[in-house]
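Reviewing the structure listed below.
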Amino acid sequence: MAAPNIETIVSLSKRRGFVFPASDIYGGLGSSWDYGSLGVELANNVKQSWWRWLVHERDDIEGLDSSIVQNRLVWKYSGHETTFSDPLVDCRECKSRFRADKLEYPKISDDTETQKAFENTPIEDLIKAKNFPCPNCGLKNLTEPRPFNLMFRTTVGAAAVEEDESALAYLRPETAQGIFINFKNVLDTSRRKLPFGIAQIGKAFRNEVTPGNFIFRTREFEQMEMEYFCRAEDAPRIHQEFIDAFQVWFYSLGISAENLKLYEQTAEELAHYAERTVDILYRFFPEREDEEKQFDELMGIANRKDFDLKAHSKKPEDAAGKRVNPDTTDDLSYFDPQTNERFYPYVIEPAVGVNRTLLAILMDAYTEKINDKGETRVILKLKPELAPIKVAVLPLAKNKPEIVAMARTLKKDLLTTMRTVYDDTGGIGKLYARQDEIGTPFCVTVDHESLEDNAVTVRDRDTWEQERVAISELKEYLQKRLG
RNA sequence: GCGGGAGUAGCUCAAUGGUAGAGCGUCAGCCUUCCAAGCUGAAUGUUGCGAGUUCGAGUCUCGUCUCCCGCUCCA
């Protein structure tokens, strides 16, 4: 059972310390969120799962951690300086919004001369003269195009001033480019041969026009991106393999198949670099009536062709024999010693949002259970691997010093092996409920009998069943059940 | 950015223009042999922020910020 909606998760997150609104005491900052003690553990576990699965276990992928601020030319040749700046116009009448560069001349007259004259006037001038009809309502009352810069601008150098173009830099809008510009470095030092991948986890920044929906779309976010380099003829097959593999990975994180969906991007939707892109969608909005609209993007898996490596290389020339990229000092082509060919590898890019994955995991793990008294209890059925806390050690009664002492010792013994906490601020029922709500798989309870028989009760989060386990075997028992 | 809605304790919400409250949660003590028990006590608010009207503003007016829902973009 998934959470009824994102609001439920927001409320739980604030209440229990997964996610807080950022700079809250100063009134907050649009779409910024801070991760609390449980949130950071969960996020780290997600990232670790991804890294281990791709970089450590596959054996054909290297890790990388590149700079957030790069030379501005990186973003010039990646295409972001032009594509990440959209001129937008609004219709004052029907409130629709359009990209000015994608507007088309409508037919306004049967008279070819009139129509021709109309089409020869720049759209921007027509809009200014209130002579261009809104594609939606047809009324001629559009606002002038305003540029929306999706990239965060900053200046490099302590003495640089805001207007100094030479000091202008951007916070990266994606981590991918850091990988492409390091392709040669990694290739040479790791002695890899095609096919192989480079993986990176890191923050990216976009001045989204419309952020929102909690941590679903924020201006500062974290990506787990991997660029897999291969021969052009292998790209479609490898692309499909990753599409399949990532679905399985999401299953392994506890996300149910019924809340996941594939989406094939249409030709119009494809990014400037992509040949084919398949998104994996998650049911982030189960409360929406239209089933289609319940789903939104969790990750994208793109075939970027050889666009990026070529764009950053010095050899490609245009029709006139001029270098397409006169600024780069290197050529990112690959030489195959077996076939004596030199070419630009194709790239398959699975890009996952850390924050979105976290949200999907929380929503999917959210479960409500009715207890014997008919009250609703919240259980976060997180995979043990992802749970921020693995074990809570609880004294059944805290007015017995022997029980408390035993529980504290037990906690100390366990925490070197697994994340363990101790809690005695409440009756046993409340302590269990609290751990259920934050997804702790097991509670270990020390009672009066424990003092006699050196055994404790282990309670299962999902079934609420209890089992008596000897303290001497406890650590091994828990490790086994935690997987 | 535009349109619509909303901001009161950690959460959920009260409070005719007249002393800012409740429940839950949190914390401390007592009690307690297993699923948010009970008792006692405590902390927590410049009512988002700033002006204005008024003898007096949580309440009325204006500005501003933030959040939510749509429009564009994407992980």
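A, B, ... follow the sequence lines: proteins, then strands. Residue 1 opens every chain.
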Whether the side chain of A:Gln70 engages the backbone of A:Ser67 through a donor-acceptor N/O pair (distance < 3.5 Å, no angle test) should be reported.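 Yes.
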
Honestly, is A:Arg459 close enough over A:Tyr432, meaning NZ or CZ under 6.0 Å from the six-membered ring centre and within 45° of the axis?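 Yes - A:Arg459 lies over the ring of A:Tyr432, closer than 6.0 Å to its centre and within 45° of its axis.
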
Same-atom distance ([atom1]) from [N] to [M], integer angstrom:
N     : M     : atom1 : value
B:G10 : B:G17 : P     : 26 Å
B:G45 : B:A6  : P     : 27 Å
B:U66 : B:C49 : C1'   : 10 Å
B:A43 : B:A9  : C1'   : 11 Å
B:C62 : B:C69 : C1'   : 25 Å
B:U8  : B:C60 : P     : 15 Å
B:G21 : B:U72 : P     : 48 Å
B:A22 : B:U44 : P     : 14 Å

A:Glu225 bridged to A:Arg304 by N-O distance under 4.0 Å: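 Looking at A:Arg304 together with A:Glu225, the answer is no, because their closest N to O distance does not fall below 4.0 Å.
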
Given atom [atom1] of [X] and atom [atom2] of [N], what is their separation to the nearest angstrom?
X        : N     : atom1 : atom2 : value
A:Leu394 : B:A36 : CG    : C1'   : 13 Å
A:Met151 : B:A75 : CE    : P     : 15 Å
A:Gln223 : B:C73 : CD    : C1'   : 14 Å
A:Ile68  : B:A75 : CD1   : C1'   : 15 Å
A:Phe20  : B:C67 : CZ    : C1'   : 18 Å
A:Phe216 : B:C68 : CZ    : P     : 13 Å
A:Met226 : B:A75 : CE    : P     : 15 Å
A:Leu281 : B:C74 : CG    : P     : 14 Å

Is there a donor and acceptor pair, one atom on the side chain of [X] and one on the base of [N], closer than 3.5 Å?
X        : N     : answer
A:Glu297 : B:C74 : no
A:Arg217 : B:C74 : yes
A:Arg356 : B:C74 : yes
A:Arg377 : B:A36 : yes
A:Arg206 : B:C73 : no
A:Arg16  : B:A36 : yes

Counting heavy atoms from C-beta on, name the nucleotide in [options] closest to the side chain of [X].
X        : options             : value
A:Met299 : B:C34, B:A75, B:U26 : B:A75
A:Arg459 : B:C35, B:A75, B:A37 : B:C35
A:Thr445 : B:C35, B:A75, B:C34 : B:C34

Per-pair stack call A:Tyr432 and B:A36, 5.5 Å, 30°: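 No; centroid distance or tilt outside limits.
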
Heavy atoms only, 4.0 Å cut-off, all strands: where does [X] land among base, sugar-phosphate and nothing?
X        : value
A:Phe214 : sugar-phosphate
A:Ser13  : nothing
A:Leu431 : nothing
A:Glu465 : nothing
A:Thr457 : base

Excluding sequence neighbours, so at least two apart, what forms side chain to side chain donor-acceptor pair (under 3.5 Å) with [X]?
X        : answer
A:Lys203 : A:Glu220
A:Asp447 : A:Ser450, A:Arg468
A:Gln294 : A:Arg283
A:Gln200 : A:Ser66

Which side-chain N or O atoms in residues 423-430 of chain A pair as donor and acceptor under 3.5 Å with protein atoms at least two apart or in another chain?
unit_1: A:Asp423; atom_1: OD1; unit_2: A:Thr425; atom_2: N; d: 3.1
unit_1: A:Asp423; atom_1: OD1; unit_2: A:Thr425; atom_2: OG1; d: 2.9
unit_1: A:Asp423; atom_1: OD2; unit_2: A:Arg434; atom_2: NH1; d: 2.6
unit_1: A:Asp424; atom_1: OD2; unit_2: A:Tyr422; atom_2: OH; d: 3.0
unit_1: A:Thr425; atom_1: OG1; unit_2: A:Arg434; atom_2: NH1; d: 2.9

So, A:Trp33 versus A:Phe18, ring centres under 6.0 angstrom or not?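 No: the rings miss the under 6.0 Å criterion.
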
Ring centroids only, cut at 6.0 angstrom: are A:Phe216 and A:Phe214 within range, meaning strictly under it?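 Not close enough - the centres of the two rings lie 6.0 Å or further apart.
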
Ignoring hydrogens and geometry beyond distance, is a side-chain donor-acceptor pair present between A:Glu41 and A:Asn45 at under 3.5 Å?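 A:Asn45 and A:Glu41 do not have a side-chain donor-acceptor pair below 3.5 Å.
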
Do A:Glu297 and A:Tyr263 meet the criterion of a side-chain donor-acceptor pair at a distance under 3.5 Å?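 Side chains of A:Glu297 and A:Tyr263: no pair found under 3.5 Å.
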
For A:Asn44, check side chain to side chain contact (heavy atoms under 4.5 Å, CB included) against everything at least two apart and list the hits.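 Counting only residues at least two positions away or on another chain, A:Asn44 forms a side chain to side chain contact (heavy atoms under 4.5 Å, CB included) with A:Val40, A:Lys47.
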
Residues forming a side chain to side chain contact (heavy atoms under 4.5 Å, CB included) with A:Glu452, sequence neighbours excluded: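 Applying side chain to side chain contact (heavy atoms under 4.5 Å, CB included) to A:Glu452 gives none.
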
Please produce a list of atom pairs where a protein N or O lies less than 3.5 Å from an N or O of nucleotides 30-33 of chain B.
unit_1: B:U32; atom_1: OP2; unit_2: A:Asn399; atom_2: ND2; d: 2.8
unit_1: B:U32; atom_1: O4; unit_2: A:Lys398; atom_2: N; d: 3.0

Identify each atom pair where a protein N or O and an N or O of nucleotides 41-43 of chain B are less than 3.5 Å apart, giving names and distance.
none

Filtered N/O pairs between nucleotides 8-10 of chain B and protein, under 3.5 Å:
none

Enumerate the residue pairs fulfilling side chain to side chain donor-acceptor pair (under 3.5 Å) with a member in residues 400-415 of chain A, sequence neighbours excluded, ordered by first and then second residue.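 For residues 400-415 of chain A, and leaving out neighbouring residues, there are no side chain to side chain donor-acceptor pair (under 3.5 Å) pairs at all.
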
Option among A:Lys390, A:Arg461, A:Arg419, A:Gln435 that satisfies the side-chain hydrogen bond (donor to acceptor under 3.5 Å, both in side chains) test with A:Thr440: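 By the side-chain hydrogen bond (donor to acceptor under 3.5 Å, both in side chains) criterion, A:Thr440 pairs with just one of A:Lys390, A:Arg461, A:Arg419, A:Gln435: A:Gln435.
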
Kindly assign one of parallel, tilted or perpendicular to the pair A:Trp249 and A:Phe246, based on the angle between their ring planes and the thresholds 30° and 60°.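 Rings of A:Trp249 and A:Phe246: perpendicular, as their planes differ by over 60°.
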
Starting at the 5' end of RNA chain B and moving along, which residue's nearest nucleotide shows up first, A:Arg434 or A:Glu349?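 Checking each residue's closest nucleotide, the 5'-ward one belongs to A:Arg434.
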
Taking Watson-Crick (N1-N3 plus N6-O4 or O6-N4) and G-U wobble (N1-O2, O6-N3), each under 3.5 Å, can you produce the dot-bracket string of RNA chain B? Use [ ] for crossing pairs and | for inter-strand ones. (((((((..((((....[..)))).(((((.......))))).....(((((..]....))))))))))))....

